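Take a look at the structure below.
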Amino acid sequence: MLSNVINILYYSGLVFYFLPVLMIFSKRRLNISPLFYFTSINLISVFISYYFTLRFSNSYPVFHLSVPINSVFMLRYFQLLEQNSRISFKLGYFSIALVFLIDLIYSGIWYNNIVTTLFTNVLFTFLSCKSLLFLLKSNNDFELVTFESKFYILISILILNSSSFFFSILETEIRNDTGDFFSFSISFLLVINILFNIFISIGLWKQNKVY
C-alpha cells in the first residue's frame, strides 16, 4: 500500500516541478530572475537524477552540482530581497563554494554531499525566517499582492530547507531501513517537495516583479 503511495507521490511530484517555471514564463521576466534559474535547475536536475538512478543506481553526482549552484541563485534572491541588510552575502557565496569543495574532495562525486546540503539548509532556514519576521513586522509598508508574493516564496523556502535538514541528518538510517520508517520518511520528503513547488508557484504568480 505504502509503495503505491510513494509511486504516486513521486511521479506526481515530477509534474509539480514544472509549475514554478511556468509561473515565471507567464510573467515574461526571465533574464533577471534568480528564482527562474533556481526553479529551472530544480526541474532539470530532478529528471537527470531520475536518469542517473535508472542508469547507475546513484544520483549523487547530480546533487553535487545542483545543490551548490542552486544555493548561489537562492542566495542571490535573498541579496536582492534584502538590499539594505547588514548580512555579508559575499561571505555567503564564499562559504557555499568552500563547503562544496571540501565536501567534493572529502566524499567524492559518487557519495552524499551531506555537509553542503546541511550547510545550505541551515543558511536558507535562517535567511527565510529572518526575512519572514521582517516582512510580518513591516507588512503595512507593502501592497497586499507584494506581501503575499514574498510570504509564499519565503514560506516555501523555509518548509523545504527546514524539513530537508532533518532528512539529511537521518539519510543513512532512512536508506538502510527496509520497513515503515523508510516508506514514511520518503513519503514525507515527497510531500514537502510538492508543497514547496505549490507555494513558490503561488508566490511567483502573485509577483509583479520577479527578483
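Residue numbers start at 1 and run along the sequence shown. Values in this document were obtained by computation on a predicted structure and should not be read as measured data.
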Worksheet entry | side chain to side chain donor-acceptor pair (under 3.5 Å) involving Tyr17 - partner list, sequence neighbours excluded | Asn193
Fill in: For Asn197, side chain to side chain donor-acceptor pair (under 3.5 Å) partners two or more places apart
none
Let me confirm one number: the [atom1]-[atom2] distance from [X] to [Y], rounded to the nearest 0.5 Å.
X	Y	atom1	atom2	value
Gln79	Met74	CD	CE	13.5 Å
Ser40	Leu35	OG	CG	10.0 Å
Thr120	Leu127	OG1	CG	11.0 Å
Ser156	Phe151	OG	CZ	10.5 Å
Ile155	Leu195	CD1	CG	11.5 Å
Leu135	Ile153	CG	CD1	10.5 Å

4.5 Å side-chain heavy-atom contact, [X] and [Y]:
X	Y	answer
Phe124	Phe119	no
Ser163	Leu189	no
Ser185	Leu170	no
Phe89	Arg76	no
Leu80	Pro34	yes
Leu43	Thr39	no
Ser59	Tyr51	no
Ser168	Asn121	yes

Exercise: identify the closest heavy-atom pair between [X] and [Y]:
X	Y	result
Leu204	Pro20	CD1-O, 3.6 Å
Ser33	Ile24	OG-CD1, 4.2 Å
Ile194	Gly13	CG1-CA, 3.8 Å
Leu81	Lys150	CD1-CE, 3.7 Å
Val72	Tyr93	O-CE2, 3.6 Å

Answer with yes or no whether the hydrophobic clustering places [X] together with [Y]; edges join I, L, V, M, F, W, Y residues whose side-chain heavy atoms lie under 4.5 Å apart.
X	Y	value
Phe165	Phe63	no
Tyr60	Ile96	no
Val46	Tyr10	yes
Phe166	Ile157	yes
Val67	Val122	no

Practice prompt. Report the C-alpha separation of Lys130 and Phe78 in whole Å, then their side-chain angles, then the decisive distance to 0.1 Å, and conclude whether the side-chain contact (heavy atoms from CB on, under 4.5 Å) test is met.
Written response: CA-CA 10 Å; Lys130 177 181 177 297; Phe78 280 103; over 6 Å; no
Fill in: Full working for side-chain contact (heavy atoms from CB on, under 4.5 Å) between Ile186 and Phe167
CA-CA 9 Å; Ile186 294 297; Phe167 183 85; 4.1 Å; yes
Item to complete: Without swapping roles, check the side chain of Ser131 against the backbone of Ser128 for a donor-acceptor pair under 3.5 Å.
Response: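 It does not hold such a pair.
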Discussion item. Under a 3.5 Å distance rule, please check whether Ser149 uses its side chain to pair with a backbone N or O of Gly203 as donor and acceptor.
Written reply: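 Here the side-chain-to-backbone pair exists.
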Worksheet item: Is it true that atom OH of Tyr111 has more than 12 heavy atoms of other residues, nucleotides or ligands lying nearer than 6.0 Å?
Response: no
Practice prompt. Count the heavy atoms belonging to other residues, nucleotides or ligands that lie under 6.0 Å from CZ of Phe56, then report whether that count exceeds 12.
Written response: yes
Response to the item:
Residues at least two apart in sequence or cross-chain that pass ring-ring contact (aromatic ring centres under 6.0 Å, His included) with Phe199, listed by chain then number, are none
Practice prompt. For residues Phe73 and Tyr37, establish whether the separation of their ring centroids is below 6.0 Å.
Written response: yes
Practice prompt. Go through the side-chain N and O atoms of Asn161 and Thr125 and say whether any donor and acceptor fall under 3.5 Å apart.
Written response: no
Discussion item. Could you list the cluster mates of Leu91? Members are the ILVMFWY residues connected by side-chain heavy atoms closer than 4.5 Å, either directly or through other members.
Written reply: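 So far as hydrophobic clustering goes, Leu91 is joined with none.
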Fill in: Fellow cluster residues of Ile102, listed by chain then number, with links counted only when side-chain atoms sit under 4.5 Å apart
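Same cluster as Ile102: Phe94, Leu98.
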Item to complete: Starting from the C-alpha separation in whole Å, work towards a yes-or-no answer on side-chain contact (heavy atoms from CB on, under 4.5 Å) for Asp103 and Phe100.
Response: CA-CA 5 Å; Asp103 212 356; Phe100 165 66; 5.7 Å; no
Worksheet item: Between Phe38 and Phe196, how do the two ring planes meet: parallel, tilted or perpendicular, split at 30° and 60°?
Response: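 Plane angle over 60°, so perpendicular.
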Worksheet, complete the sentence: Those residues at least two apart in sequence (or on a different chain) that pass side chain to side chain contact (heavy atoms under 4.5 Å, CB included) with Ile109 are Pro61, His64, Leu104
Practice prompt. Start with the C-alpha distance between Cys129 and Leu158, add both sets of side-chain angles, then the distance that settles side-chain contact (heavy atoms from CB on, under 4.5 Å), and finish with yes or no.
Written response: CA-CA 7 Å; Cys129 284; Leu158 176 59; 3.6 Å; yes
